[in-house]
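The sequence lines fix the lettering, A, B, ..., with proteins before strands; numbering per chain opens at 1.
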Protein chains: 4
Amino acid sequence: MVVLLREDAAPEQRAEVAHLLAELGAHDPISLPQESGAWLLYLPGLTYTDAIIARITALPQVARLIPITTPYALASRAVHPDATRVRVGSVVIGGGEPVIIAGPCSVEGEDQMREAALAARDAGAHLLRGGAFKPRTSPYAFQGLGLRGLELLAQAGAAAGLPVVTEVMEPSLVADVAEFADVLQIGSRNMQNFPLLRAAGRSGRPVLLKRGFAATIDEWLLAAEYLLAEGNPHIILCERGIRGFDPQTRNLLDLAAVPLLRTLTHLPVLVDPSHGTGRRELILPMSAAAIAAGADGLLIEMSPHPDAALSDADQTIDPSTLRAIAQLTRRLRAAITDLPPDPLPGRDGEKRECGTSSAPLPEAMPSLPEELIGSGY
Amino acid sequence: MVVLLREDAAPEQRAEVAHLLAELGAHDPISLPQESGAWLLYLPGLTYTDAIIARITALPQVARLIPITTPYALASRAVHPDATRVRVGSVVIGGGEPVIIAGPCSVEGEDQMREAALAARDAGAHLLRGGAFKPRTSPYAFQGLGLRGLELLAQAGAAAGLPVVTEVMEPSLVADVAEFADVLQIGSRNMQNFPLLRAAGRSGRPVLLKRGFAATIDEWLLAAEYLLAEGNPHIILCERGIRGFDPQTRNLLDLAAVPLLRTLTHLPVLVDPSHGTGRRELILPMSAAAIAAGADGLLIEMSPHPDAALSDADQTIDPSTLRAIAQLTRRLRAAITDLPPDPLPGRDGEKRECGTSSAPLPEAMPSLPEELIGSGY
Amino acid sequence: MVVLLREDAAPEQRAEVAHLLAELGAHDPISLPQESGAWLLYLPGLTYTDAIIARITALPQVARLIPITTPYALASRAVHPDATRVRVGSVVIGGGEPVIIAGPCSVEGEDQMREAALAARDAGAHLLRGGAFKPRTSPYAFQGLGLRGLELLAQAGAAAGLPVVTEVMEPSLVADVAEFADVLQIGSRNMQNFPLLRAAGRSGRPVLLKRGFAATIDEWLLAAEYLLAEGNPHIILCERGIRGFDPQTRNLLDLAAVPLLRTLTHLPVLVDPSHGTGRRELILPMSAAAIAAGADGLLIEMSPHPDAALSDADQTIDPSTLRAIAQLTRRLRAAITDLPPDPLPGRDGEKRECGTSSAPLPEAMPSLPEELIGSGY
Amino acid sequence: MVVLLREDAAPEQRAEVAHLLAELGAHDPISLPQESGAWLLYLPGLTYTDAIIARITALPQVARLIPITTPYALASRAVHPDATRVRVGSVVIGGGEPVIIAGPCSVEGEDQMREAALAARDAGAHLLRGGAFKPRTSPYAFQGLGLRGLELLAQAGAAAGLPVVTEVMEPSLVADVAEFADVLQIGSRNMQNFPLLRAAGRSGRPVLLKRGFAATIDEWLLAAEYLLAEGNPHIILCERGIRGFDPQTRNLLDLAAVPLLRTLTHLPVLVDPSHGTGRRELILPMSAAAIAAGADGLLIEMSPHPDAALSDADQTIDPSTLRAIAQLTRRLRAAITDLPPDPLPGRDGEKRECGTSSAPLPEAMPSLPEELIGSGY
């Protein structure tokens, strides 16, 4: 079970509950602040006897005890009925408006980054992406500019007024990257790099966690749980395609993961159609599909000179395509949220029980009409 | 190469070309009528020497010779730049408006089918689906009502004024099924049942060809080629999910296949979110995603009493959800086609060449604005 | 539950039990003869109340009622503790000695087949394979010689004194193929072609059932159940690789399926390393691995002139390699069966219970020493 | 190209060539010592003009220039025709005799490790395994004893006279782990943790590199290239199963990777049937299959009290089963290497060319007879 404290609980009241839990379980509970001002306290492994439940719920600052039925607790929608909103500067990820993160695959130089940043902003991007430390399959491929790249990325972001997102690959560099980046990206190859997850969680920075090549949804949410368990609530998931058997596309974009995650977790979900398809001409339609599936935004490789990119040229689009995507996503989001009232499956509790595979009842998203509750959106 | 005859070529002129090809290749060519009134003649294995090309192109009724670079010829977009429209009664599949095929998994009885047919029609469906011959993993599961089921399906369709789609599982039954059904469905398990493909092709009926559990795009288009090679141009593809590793969903819906097929073939593409996800609450969002990805329509399991279905109850939606899907798909389609002009990648031939994985330049779709040409839509 | 009749039960006593079951379940039970002379009677869907159990077990000709815990019944090891032996002429598949089925991919002509048959026999093959009806991904690829090919195959087998195995692709041809072939092969693409399975089951001929490209073990055994449910006990399974993501090999050979099937079913299991790898140089080592894993034999593409084969040249070996494989498999089988006594996991019932994934206790294989019971061999 | 120096090249002669390459390519080449005493020098990205080739080959200490046709160079069999032997204490991995690494999943305590170490040794194991830092999918699962676990592992190994293998999960801990471990293990989740690969490579310790969940053979060999490129020649590969779609087994063991790697690389290959199947009863047969496929050894989870293991109990065997495996592997290896002379495919260069998928001609393995050259063994 997870203990939810009242929003008006004072710090010393929070400490009191934490102390009680530590006493009951012989070690300290995890403490996770909520956007609302409330706090979650979680002590893995503690068995909740009636006596223990009585002692905890007797405390006035305890709002309620939340039972957990999934392998992950803090990432579960059960503990956080509303969708989590992650604030990055003035941008809100998960707030209802699709957020676009765009930029080149790699930071290659000052002029390239500055030009790309301005082009991304003008095309409608909300955040700037760019790789300074590049995970490359071959040790002989361009590995990125490293710390120098971080500086150039931060400067370009500042010049364009866009917060920046970049990947961090090892625990010992988290502090350096966090100094320059507004959002830390954990790449697919590192989704289960647990020391890195712990370090990124401790940094307190928003973290964008990409799905692993062959990760199940549960494994992905447990990786997010590593981040949350460090007391960092600012976690964003990003579907970027899993390994498929057809060489026609670089990866197999699993868009059903988007509405499925809606029913399982409160964390915002982005989609990366660039790595998800590996093909330039598929990025506009799959961006549209991602938003229609309910994604909170997109992570896209864009460059003013796509064909000159040192890496991922085949999947890099130009600014005019990004602008078309930005316009289209707004139109599609409106088409979804303006949906006229209609009863949908999942609203009727009884009906949900029947299906052997029906998922736990998800909660409302502020950005969607009542009628879409339980639809997976 | 494929020989394209002029639309005004007389039957005897067509025969003349066919005769010439047979003479050159020692057997008869495949003859495929086009919606436009033109004909395609194809003689697999014929080597086109300059002399042969000269003799063929010298004939006035020959419009042009079309070179083929893919393992499939008749299914290739190269031989048919415009999107193929398949007419079923008054419904046009591939004409720009999303088409919805809905109905119960299995035909279970007269009242059930009639009620389902009327509910489907009232919710906005254009065709009625229902299984009379059911491919079931276990020999002990309900196998469908067979021929009696076909009659009930046809009666229900007639009562609701909806053409009907149903699956055929063996060559010897194609004629019987074609007598009752407006569209023959070939299921995933039979995508490479070649005798069945030949028989369905010969029937002349429109055929809905589902993708196999583990079929590559090339294998799927070659299965369609079996149908086309029998002289049947009325072929519809349907993505229904491939085998995945995550038990959370029944299958892994590969929506990127939709825009990818746009660039490779002229055949219309539907999406089946029911089998593609296996979860009721994911069907609305994935229907929206499919249309946003450019699908020509949807194949959905719907029943007035989903929880009472003898098969696939977990993935069967109710009429009100179907109505919401029908409304949403129209709104989304409009959002795509009203997209304001914008240059997109793929329009610039040079740019396309650069990427190692960039696909052949796709042709215009009448239902999409100029600006989307080459975008995969 | 499955009813096991005593070996000495007279036909009228069998009829008596069948009649009783039909009366209890309102339709006829499946009747499956056993090698021992005993019979299995199975009535799917019948609920066994204490009263029903009492009535059945009261009959003297009933040996026992066998409870079923798997989706398949007749294929389950529970109903048939000993390994099933399938006799083809003088060859026994599943009898302990590795059986080798070899021959060209396709029947191409009289001399080719005769030469291949003699070479296969001289290299140590026990049965001859050859394709007369070929399932080809492309409609334009060589499709086999059809009925003429069957004649040539049968003649070549007779000349070499080898029984023949060949694929049948459609129900209406089962009788024709059964006239020439000693074993009917159902290919991967048709593993769930249910009308074909029923027809092959009714033929009474031994059937070699290949695993589908993306079939789970349960789906595969349920396909075998279709054959057994027609009263045909002579079923052989063949692992031939599933779809993988690495283009280095044609398929992904799942050898763990061999010992796993040992624990789940009594049916013999062969391995096809030719399709399983698609690479000539991998066939000898993977043949060795298959036998070491406990396979009952091998299905191998072999030709006196591998590089001249019209199909599958890359995975076709020559007679001298086949001879090396035949020698090696005998030596490996001996190395396994001569294993000195040693307690192994799975012999201790308690220990088996503990593991969440531990499988039902398998029964002894006559061809393996006591000590290997429960080892998966 | 890779420059191979003569075995009798003096250090200053080596420096001379390195200096020349640096001068030609403007940065330092990679320098990799060979077991023979020879050295490989590799400068990625250097274009070898005739002039450059002439200058290099003119040096007396240069044995030859080796052209590279694969994405990996130092891992390629082309640069190292003989199989690499990795020495760990008195044990040789890749020397012909199957090596067994056994021990518990996790180090849990002093007595447990000591008992396990003695049991492993007595059952025939050559090295001791045990996890001190455990990568766990859930942050709430037992994470291992850390540095204290390393001490206990090293003590237990010393007591039993067995070198020890243990996993390292982050670059900053490589030095600590290398202080206690004879072999550093890089786990599947970290196969593409590039900073970790570089650090492990620099440590100079033998490294056991497990295949990633969804890694292609090329990606795996490129990960090995990261290790080799740091000048560390002591690399061991370990196949441990990839992600499959069938829940019956934990992973899908890809044994064809073993003979395939033989043709592509000179590095020794082990197989882990414990993680590869996740089922206790499949470990003996799959160990046998691995050795028959040509594996250089096995990595197995074994405990005197399997059912009491804190992790992986379902896939942990007992000492008596390990003993049976050790005996069986020796018998099987003998059965392979005693194979009588027989011409095999791949010996004839011409024949190899024909197959589109035939691999580069592999070189002899000292431990296998001439006749098996090119067979994939």
*Asks:* Chain A heavy atoms under 4.5 Å from I242(B): which part of the residue, side chain, backbone, both or neither?
*Replies:*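 The answer is the side chain of I242(B).
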*Asks:* Nearest heavy-atom pair of L332(B) and A335(A): which atoms, and what distance?
*Replies:*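 Closest pair (atom of L332(B), atom of A335(A), distance): CD2-CB, 3.9 Å.
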*Asks:* Checking A290(B) against chain A: side chain, backbone, both or neither under 4.5 Å from a heavy atom?
*Replies:*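 A290(B) has no heavy atom closer than 4.5 Å to chain A.
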*Asks:* If you round to the nearest 0.5 Å, how far is CE of M286(A) from CG of L260(B)?
*Replies:*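 Spacing of CG (L260(B)) from CE (M286(A)) equals 10.0 Å.
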*Asks:* When rounded to the nearest 0.5 angstrom, what distance separates OG1 in T277(A) from CG in L255(B)?
*Replies:*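 Here the rounded value is 12.5 Å.
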*Asks:* For residues P285(A) and P259(B), report the shortest heavy-atom separation together with the two atoms involved.
*Replies:*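 Nearest pair, atom of P285(A) first, then P259(B): CG-CB, 3.7 Å.
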*Asks:* Out of L264(A), T216(A), T263(A), L261(A), which residue meets the side-chain contact (heavy atoms from CB on, under 4.5 Å) rule with Q248(B)?
*Replies:*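 Going through L264(A), T216(A), T263(A), L261(A) one by one, the side-chain contact (heavy atoms from CB on, under 4.5 Å) with Q248(B) is satisfied by L264(A) alone.
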*Asks:* Give the member of L252(A), L253(A), I291(A) that has the highest number of heavy-atom pairs under 4.5 Å with chain B.
*Replies:*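 Looking at each of L252(A), L253(A), I291(A) in turn, L252(A) comes out on top.
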*Asks:* A295(B), A292(B), G276(B): which one forms the most heavy-atom pairs within less than 4.5 Å of chain A?
*Replies:*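 Most pairs with chain A among the choices: A292(B).
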